Protein chains: 2
Amino acid sequence: MSFPNPHHDHGPCVAHALEAAEEECRRRGARLTDIRRRVLELVWRSHAPIGAYALLEALGKAAPPTVYRALDFLLAHGLIHRIEKLNAFVGCAHPGHAHPGQFLLCRQCGAAAELNDDSIEQAVRVAAEHSGFLVTSLVVEAEGLCPACQGQQA
Amino acid sequence: MSFPNPHHDHGPCVAHALEAAEEECRRRGARLTDIRRRVLELVWRSHAPIGAYALLEALGKAAPPTVYRALDFLLAHGLIHRIEKLNAFVGCAHPGHAHPGQFLLCRQCGAAAELNDDSIEQAVRVAAEHSGFLVTSLVVEAEGLCPACQGQQA
DNA sequence: GGGCTAAATGTTATATTATAACGTTCCGTC
DNA sequence: GACGGAACGTTATAATATAACATTTAGCCC
Ligand SMILES: [Zn+2]
Ligand SMILES: [Zn+2]
Ligand SMILES: [Zn+2]
Ligand SMILES: [Zn+2]
């Protein structure tokens, strides 16, 4: 919910996310295969949203469809989100319950924070209803400066 | 603000948009050259968000940088918006005063409607402030079904 | 376990979107 | 009409994503 300290110990975050993913896949009867697990781990290890080809390189000997298929799986099961502005992917902080992706993206350090704010979704829904529009998915991406990077600005 | 009727006479919309663009460019001391004007007209003629390469084809004898440069100009002067989810562009309904792009995108017919709802922006700003984040630009893209397409669904 | 089936992965090629780099033309200014 | 910066032309290439089809793997029934 809040912005991650860039110097915090990220290991436990990754471990916790992987465990939650295992759990969620069990619950859903989905198979978190080795490749999918490795891609998810790489996504989490990265402090910033990471692109498909960066993942590909990190994986080593794979071809594009391999990583895109893994990403499709992780997206379908709500374990990651796609950042449309960046063509990049980031771990979901709240897997297991459906929610629209809402992100704060620091244009300085690249860090991303996931919001989970019902009032944003509500505001969009209300505005949409005024047009008779039925919302089925929602992208909210705010670009700006994280707390750490505001200090460093001139 | 409201969803456009797909059968309305679009000619006047396009003409009005081009006139408003001329006016806005005059005000800003910016040059709406022939290519830029043609790209803007093509964007407006399309009822749905249109991609750079579709514009390129419609232009005829141009190369990619030509259309991307025109799009950059139109974006910079607030005459069009980019739809991140679609890698496509759409005319701005309210040029001349700065605002974040907020769109309703019909997944059935492709139509797009621009919102101009302060409460959405406010909700994001408030949530961001709770994280100490300073928002400088905002993308809101809701996918779903427009009024016309809801009727046609099973 | 052995065969069946569907899912997952491997592999190759290609589509789609976007930009780098550099030369030329156009236009307002002096 | 020379100058200088903005706009445009042209070629090549980068970055992102998918199509199509072969092969392997994993769960399942018997
Ligand atoms: Zn999430
Ligand atoms: Zn930052
Ligand atoms: Zn607008
Ligand atoms: Zn529709």
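First the proteins, then the strands, lettered A, B, ... as listed; each starts at 1. Bear in mind that the values here come from a model prediction, so they are computed numbers and not experimental data.
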**Request:** Using a 4.5 Å cut-off on heavy atoms from C-beta on, say whether the side chain of Leu134(B) contacts that of Pro147(A).
**Result:**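 Not touching, per the 4.5 Å side-chain cut-off.
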**Request:** Using the side-chain hydrogen bond (donor to acceptor under 3.5 Å, both in side chains) rule, collect all pairs that involve residues 61-77 of chain A, keeping only residues at least two apart or in two chains.
**Result:**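 Pairs touching residues 61-77 of chain A that pass the test: none.
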**Item:** Pairs satisfying side-chain hydrogen bond (donor to acceptor under 3.5 Å, both in side chains), at least one member in residues 17-26 of chain A, at least two apart
**Value:**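 Counting only pairs at least two positions apart or across chains, the side-chain hydrogen bond (donor to acceptor under 3.5 Å, both in side chains) contacts touching residues 17-26 of chain A are Glu22(A)-Arg37(A), Glu23(A)-Arg26(A), Glu24(A)-Arg27(A), Glu24(A)-Arg28(A).
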**Prompt:** Could you state the interatomic distance from CD1 (Ile120(A)) to CG (Leu115(A)), rounded to the nearest 0.5 Å?
**Reply:**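 Result: 5.0 Å between the selected atoms.
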**Asked** Looking at CZ of Phe89(B) and CG of Leu74(B), how far apart are the two atoms once the value is rounded to the nearest 0.5 Å?
**Response**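 Separation between the atoms: 9.5 Å.
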Please list all pairs meeting salt bridge (charged side-chain N to carboxylate O under 4.0 Å, His left out) that have one or both residues in [range], counting only residues at least two apart or in different chains.
range: residues 128-150 of chain A; answer: Lys85(A)-Glu143(A)
range: residues 43-54 of chain A; answer: Glu41(A)-Arg45(A)
range: residues 7-17 of chain A; answer: none

**Message:** Before we go on, tell me: are the rings of His81(A) and His99(A) under 6.0 Å apart, centre to centre?
**Reply:**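 Yes.
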Between the protein and nucleotides 16-23 of chain C, are there any N/O to N/O pairs under 3.5 Å, and if so, what are the atom names and distances?
from    : atom 1 : to       : atom 2 : distance (Å)
dA18(C) : OP1    : Arg82(B) : NH1    : 2.8
dA18(C) : OP1    : Arg82(B) : NH2    : 2.6
dA18(C) : OP2    : Tyr68(B) : OH     : 3.0
dA18(C) : O5'    : Tyr68(B) : OH     : 3.4
dA18(C) : N7     : Tyr53(B) : OH     : 2.5
dA18(C) : N6     : Tyr53(B) : OH     : 3.2

**Request:** Output every pair passing ring-ring contact (aromatic ring centres under 6.0 Å, His included) with a member in residues 9-36 of chain A, not counting sequence neighbours, ordered by first then second residue.
**Result:**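 Non-adjacent pairs meeting ring-ring contact (aromatic ring centres under 6.0 Å, His included): His8(A)-His10(A), His10(A)-His47(A).
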**Item:** Boundaries of the DNA chain D segment in contact with chain B, non-hydrogen, under 4.0 Å
**Value:**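 Reading along DNA chain D, I get dA7(D) to dT11(D).
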**Prompt:** CG of Leu59(A) versus P of dG10(C): gap in Å, rounded?
**Reply:**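 Going from Leu59(A) (CG) to dG10(C) (P), I get 10 Å.
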**Message:** Which residues end up grouped with Val139(A) if you chain together Ile, Leu, Val, Met, Phe, Trp and Tyr wherever their side-chain heavy atoms are less than 4.5 Å apart?
**Reply:**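 Grouped by the 4.5 Å side-chain rule, Val139(A) forms a cluster of one, so the answer is none.
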**Cluster companions of Val90(B) among Ile, Leu, Val, Met, Phe, Trp, Tyr (side-chain spacing under 4.5 Å)** =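 So far as hydrophobic clustering goes, Val90(B) is joined with Ile83(B), Leu86(B), Phe103(B), Leu105(B).
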Pairwise N/O distances under 3.5 Å, protein to nucleotides 6-8 of chain C:
from   : atom 1 : to       : atom 2 : distance (Å)
dA8(C) : OP1    : Arg36(A) : NH1    : 3.3
dA8(C) : O5'    : Arg36(A) : NH2    : 3.3

**Prompt:** Using the C1' atoms of the five pairs at each end, what is the angle between the end axes of the helix from dG1(C)-dC30(D) to dC30(C)-dG1(D), to 10°?
**Reply:**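 Comparing the first five pairs with the last five, the axes sit 30° apart.
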